[in-house]
Amino acid sequence: MNKNEKFVITINRELGSGGRTVGEKLAEKLGVPFYDKALIKALTEKYHLTVEEIEKLKGRSHNWWADFKRIVGIGQIFANSSQYYMVKMGEEPDLLTTDEMYKAEKEILKGIAAEESCVIAGRTAFYILKDQPNRLSVLIQASMDHRIERVMSKQNLSREEAEKAIKKVDKMRENYVNKYTGTSRYDTRNYDLVISMDGKTEDEVAEMIYQFIG
């Protein structure tokens, strides 16, 4: 991947690994926007974007995503966002995604990658953008102990609650990825780089990826 040309970095990560934070820090190092599944889904819902609406926008402008961002002020919204996506007990956001929503989100991801350099975490971007030129796909994992400790700290859960939440989300995300891509999020052949967070800080891993890019 050449960081001096338009690029996209996709980061898939396990809950509790710290991969989302790594993505944010990497985007900051590279000076590009960071997008995650929560923001993409919120965008789709807030502006009621359907595949038909996106096609209309494309018809009006070749640079539809850049124009759309400017009109609704999304660049500023994303730049100021410090949202951490919290998975609460009983919450299954991916399972609530309809086929139409997925199609719209897919078009948004393609639009983002076509118009600007960026880092995208989650949302099956590793698969949707697999044919995108100048792309790097990263999987960030961690041991169960590492993940449990981080989820306990972030969400103020007991060890038992944290482990239960992790296993539930793992299953939910794997089912979601399999449904819409026909592959597994754990298949390392889908990635250019696979990193374990054990014994490493988010800053160290962001720097590791940055150095890997060269």
Side-chain angles (χ1 to χ4, degrees), residues 9-30 34-42 78 81-97 102 105 109 118-128 136-212:
I9 298 174
T10 66
I11 295 182
N12 208 352
R13 77 278 187 223
E14 293 181 311
L15 177 66
S17 66
R20 184 189 184 280
T21 303
V22 169
E24 286 184 308
K25 290 179 177 293
L26 178 62
E28 186 176 355
K29 278 179 173 291
L30 292 165
F34 170 79
Y35 301 100
D36 75 349
K37 70 175 187 177
L39 291 174
I40 296 297
K41 187 170 184 178
F78 285 172
S81 175
S82 59
Q83 177 184 13
Y84 179 84
Y85 188 63
M86 305 289 278
V87 179
K88 299 177 178 63
M89 301 300 288
E91 184 182 53
E92 300 180 353
D94 281 337
L95 295 182
L96 299 177
T97 299
Y102 174 77
E105 290 168 2
L109 288 174
C118 58
V119 176
I120 302 174
R123 224 55 194 164
T124 63
F126 76 93
Y127 183 83
I128 291 170
L136 179 71
S137 183
V138 182
L139 173 63
I140 295 179
Q141 299 179 306
S143 66
M144 183 58 77
D145 281 344
H146 177 104
R147 298 168 68 194
I148 288 173
E149 291 294 333
R150 197 170 191 277
V151 171
M152 286 173 62
S153 173
K154 287 284 185 180
Q155 302 195 30
N156 194 30
L157 298 177
S158 69
R159 174 170 289 274
E160 182 180 355
E161 288 172 332
E163 184 173 3
K164 183 178 179 181
I166 288 170
K167 289 180 177 178
K168 181 176 183 178
V169 171
D170 280 352
K171 182 177 180 180
M172 176 187 72
R173 289 181 177 174
E174 176 64 4
N175 289 342
Y176 178 83
V177 169
N178 185 259
K179 175 182 178 181
Y180 288 110
T181 72
T183 188
S184 169
R185 63 197 294 264
Y186 301 109
D187 188 340
T188 57
R189 292 172 296 183
N190 290 316
Y191 309 98
D192 303 300
L193 190 61
V194 179
I195 300 174
S196 170
M197 288 295 298
D198 288 62
K200 306 177 187 71
T201 67
E202 288 91 347
D203 284 307
E204 289 171 343
V205 173
E207 179 64 22
M208 184 185 303
I209 300 171
Y210 186 81
Q211 292 299 326
F212 178 82

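Numbers here simply count residues along the sequence, with the first being 1.
- Residue E204 holds its CD atom at 11.5 Å from CD1 of I195, rounded to the nearest 0.5 Å.
- Here Y127 pairs with nothing under the ring-ring contact (aromatic ring centres under 6.0 Å, His included) rule; sequence neighbours left out.
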- Message: For a side chain to side chain contact (heavy atoms under 4.5 Å, CB included) check, start with the C-alpha distance between R150 and M197, then their side-chain angles and the critical distance, and finish with the verdict.
- Response: CA-CA 11 Å; R150 197 170 191 277; M197 288 295 298; over 6 Å; no
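- Of all non-hydrogen atoms in S158 and M152, the two that sit nearest each other are O-CG, 3.8 Å.
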- Task: Report the C-alpha separation of R173 and Y186 in whole Å, then their side-chain angles, then the decisive distance to 0.1 Å, and conclude whether the side chain to side chain contact (heavy atoms under 4.5 Å, CB included) test is met.
- Result: CA-CA 11 Å; R173 289 181 177 174; Y186 301 109; over 6 Å; no
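- Although no hydrogens or angles enter the test, the distance criterion places no donor-acceptor pair under 3.5 Å between the side chain of E174 and the main chain of S184.
- Using a 4.5 Å cut-off on side-chain heavy atoms (C-beta onward), R147 and D170 make contact.
- Contacts of F212 classified as side chain to side chain contact (heavy atoms under 4.5 Å, CB included), with partners at least two apart in sequence or in another chain: L136, L193.
- The shortest heavy-atom contact between V177 and T183 is CG1-O, 3.7 Å.
- How far OG1 of T21 is from CZ of F34: 8.0 Å, rounded to the nearest 0.5 Å.
- Between the R13 side chain and the G18 main chain, no donor and acceptor come within less than 3.5 Å of each other.
- In this pair, Y102 and Y180 present their aromatic rings parallel. The plane angle is below 30°, not in the 30 to 60° band.
- Rounding to the nearest 0.5 angstrom, the gap separating the CG atom in D36 from the CD atom in E24 is 7.5 Å.
- The pair E163-R159 does not meet the salt-bridge criterion, since no charged nitrogen lies less than 4.0 angstrom from a carboxylate oxygen.
- Contact between A162 and I148 at its shortest, heavy atoms only, is CB-O, 3.9 Å.
- Looking only at distances, no side-chain donor or acceptor of R185 sits under 3.5 Å from a matching main-chain atom of N175.
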- Should N190 and L139 be marked as a side chain to side chain contact (heavy atoms under 4.5 Å, CB included) after you check the CA-CA gap, both sets of side-chain angles, and the distance that decides it? CA-CA 9 Å; N190 290 316; L139 173 63; over 6 Å; no
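- Of the inter-residue distances, the one linking M172 atom CE with L15 atom CG reads 8.5 Å to the nearest 0.5 angstrom.
- From Q211, atom CD reaches atom NZ of K29 across 7.5 Å, with rounding to the nearest 0.5 Å.
- Annotation for S137 and T10: closest pair OG-OG1, 3.2 Å, computed over non-hydrogen atoms.
- With no hydrogens or angles considered, no side-chain donor-acceptor pair links D145 and S143 at under 3.5 Å.
- D198 CG to Q141 CD: the interatomic distance, rounded to the nearest 0.5 Å, is 10.0 Å.
- Between V138 and Y191 the shortest side-chain heavy-atom distance does not fall below 4.5 Å.
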